[in-house]
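In this chain, numbering begins with 1 at the start of the sequence shown. Given the structure is predicted, the values throughout are model-derived calculations rather than measurements.
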Amino acid sequence: MTSTPPLDPTDTARLRLAIAQTTSSNTHADNIAALQGIARQAADQGAQLLALPEAAGLMNRDRASARHSVTTEDTDPFLAACRDTARDYGLWVQTGSTPVLDPPDERFRNRGHMIAPDGSIVAQYDKIHLFDVNLPGEPPRRESDRYAPGDRAALARTPWGLFALSICYDLRFPHLFRDYAQAGATVLFVPSAFALSTGQAHWEILLRARAIENGCFVVAAAQNGHHADGRQTWGHSLVIDPWGKVLVDMKQENGVALVDLDMNAVTRARQMIPALQNTRPYAKPELPQPGAPADR
């Protein structure tokens with residue numbers, strides 16, 4: 001393997017990012033083993049931050065079976081493994097997400113974290129928008145039957161700036177990402193487990209739109225392939241720059257991809273197209289009364 005030259009750890013204008021693509025299992029043990037291999041590869045190549053997909057800790061759509069594995073955050077084995085991994089390798093870790101219990105609601109929370117190299121949790125985020133949809137030729141999907149929604153956006157303060165947390169279906173709600181950008185976020189994390197039909201139609205175009213609209217990097221680690229619980233996911237983990245250029249596309253290959261992010265690209269994109277500053281308030285449209293003539 002060709003060695004990758006190290007970055008200056010004091011240089012906060014450049015971030016060496018490792019993005020992972022996985023086919024996560026329905027057991028914590030399998031996914032922790034995968035995490036350890038991924039983190040080792042990332043650290044060996046000089047990564048400073050590792051980004052994981054949605055459901056990296058546990059991917060099991062069978063609720064009865066999952067209830068035997070899912071625990072509260074303070075006893076969750078995958079989160080503990082991510083914290084250990086951050087300490088062992090000196091990495092920032094964006095955990096993607098994993099299901100946790102949060103009583104008194106009996107439903108799970110789809111929860112992601114940003115972990116610092118000392119193993120401390122810098123930010124946590126519960127998926128706000130749940131995947132309740134009706135896709136052609138498929139039975140209705142009701143994520144809200146199994147998961148309780150979050151109600152709070154989350155920013156993580158890092159040496160490279162403010163990083164924003166989201167999960168999968170949140171991608172379709174652009175106001176969340178505009179709020180993040182207006183709050184100062186420079187990187188938007190969108191860990192996902194996209195279905196094949198929606199992935200093929202919408203995945204890349206929505207991610208590029210969020211990057212362009214907000215002048216942000218977008219980091220979207222994704223699940224890929226056939227899973228033990230019977231699902232199949234789209235893959236194509238992407239890293240996109242603030243001008244909308246795709247820097248990384250992992251297609252259907254599992255593993256780790258490394259990319260160096262020039263954080264000054266955010267400032268340049270926002271200076272060229274200052275959409276955040278050009279935003280203006282406006283009144284919401286009023287519905288015309290039935291039968292009323294249109295104003296000319």
Just so I know, are the side chains of Glu143 and Asp132 near enough to count as touching, which here means a heavy-atom distance under 4.5 Å?
yes
Donor on one side chain, acceptor on other, Asp30 and Thr27, under 3.5 Å:
yes
Given the rule in the salt bridge (charged side-chain N to carboxylate O under 4.0 Å, His left out) test, do Asp262 and Arg268 qualify, once you have shown the distances and angles that lead to the verdict?
CA-CA 10 Å; Asp262 174 7; Arg268 292 195 296 270; 2.9 Å; yes
Checking side-chain polar atoms at under 3.5 Å, does Asn254 have a donor or acceptor matched by the opposite partner on Thr23?
yes
Hey, are the side chains of Glu253 and Ser237 touching, using non-hydrogen atoms and a 4.5 Å cut-off?
no
What I want to check is whether the side chains of Arg83 and Ser120 have a donor and an acceptor closer together than 3.5 Å.
no
What is the distance from atom CZ of Arg146 to atom CD of Glu106, rounded to the nearest 0.5 Å?
15.5 Å
Does the side chain of His202 come under 3.5 Å of the side chain of Arg172 through a donor N or O and an acceptor N or O?
yes
How about Asp170 and Tyr125: does a side-chain donor come under 3.5 Å of a side-chain acceptor?
yes
Rounded to the nearest 0.5 Å, how far apart are OG of Ser97 and CZ of Phe108?
12.5 Å
Please check if atom NE2 in His226 has more than 12 non-hydrogen atoms from other residues, nucleotides or ligands closer than 6.0 Å.
no
Start with the C-alpha distance between Phe173 and Phe177, add both sets of side-chain angles, then the distance that settles ring-ring contact (aromatic ring centres under 6.0 Å, His included), and finish with yes or no.
CA-CA 8 Å; Phe173 299 84; Phe177 300 93; 9.2 Å; no
side-chain hydrogen bond (donor to acceptor under 3.5 Å, both in side chains), that's the test. Do Thr22 and Gln223 meet it? Break it down for me.
CA-CA 5 Å; Thr22 63; Gln223 293 285 350; 3.3 Å; yes
Please identify each residue that fulfils ring-ring contact (aromatic ring centres under 6.0 Å, His included) with His236, with sequence neighbours left out.
Trp234
Measuring from atom CG of Leu52 to atom CD of Gln94, what distance do you get when rounded to the nearest 0.5 angstrom?
7.0 Å
What class does the angle between the rings of Phe194 and Trp203 fall in, given that below 30° is parallel, 30 to 60° is tilted and above 60° is perpendicular?
tilted
Provide the closest heavy-atom pair for Ser192 versus Cys168 in the form atom of the first, atom of the second, distance.
OG-CA, 3.3 Å
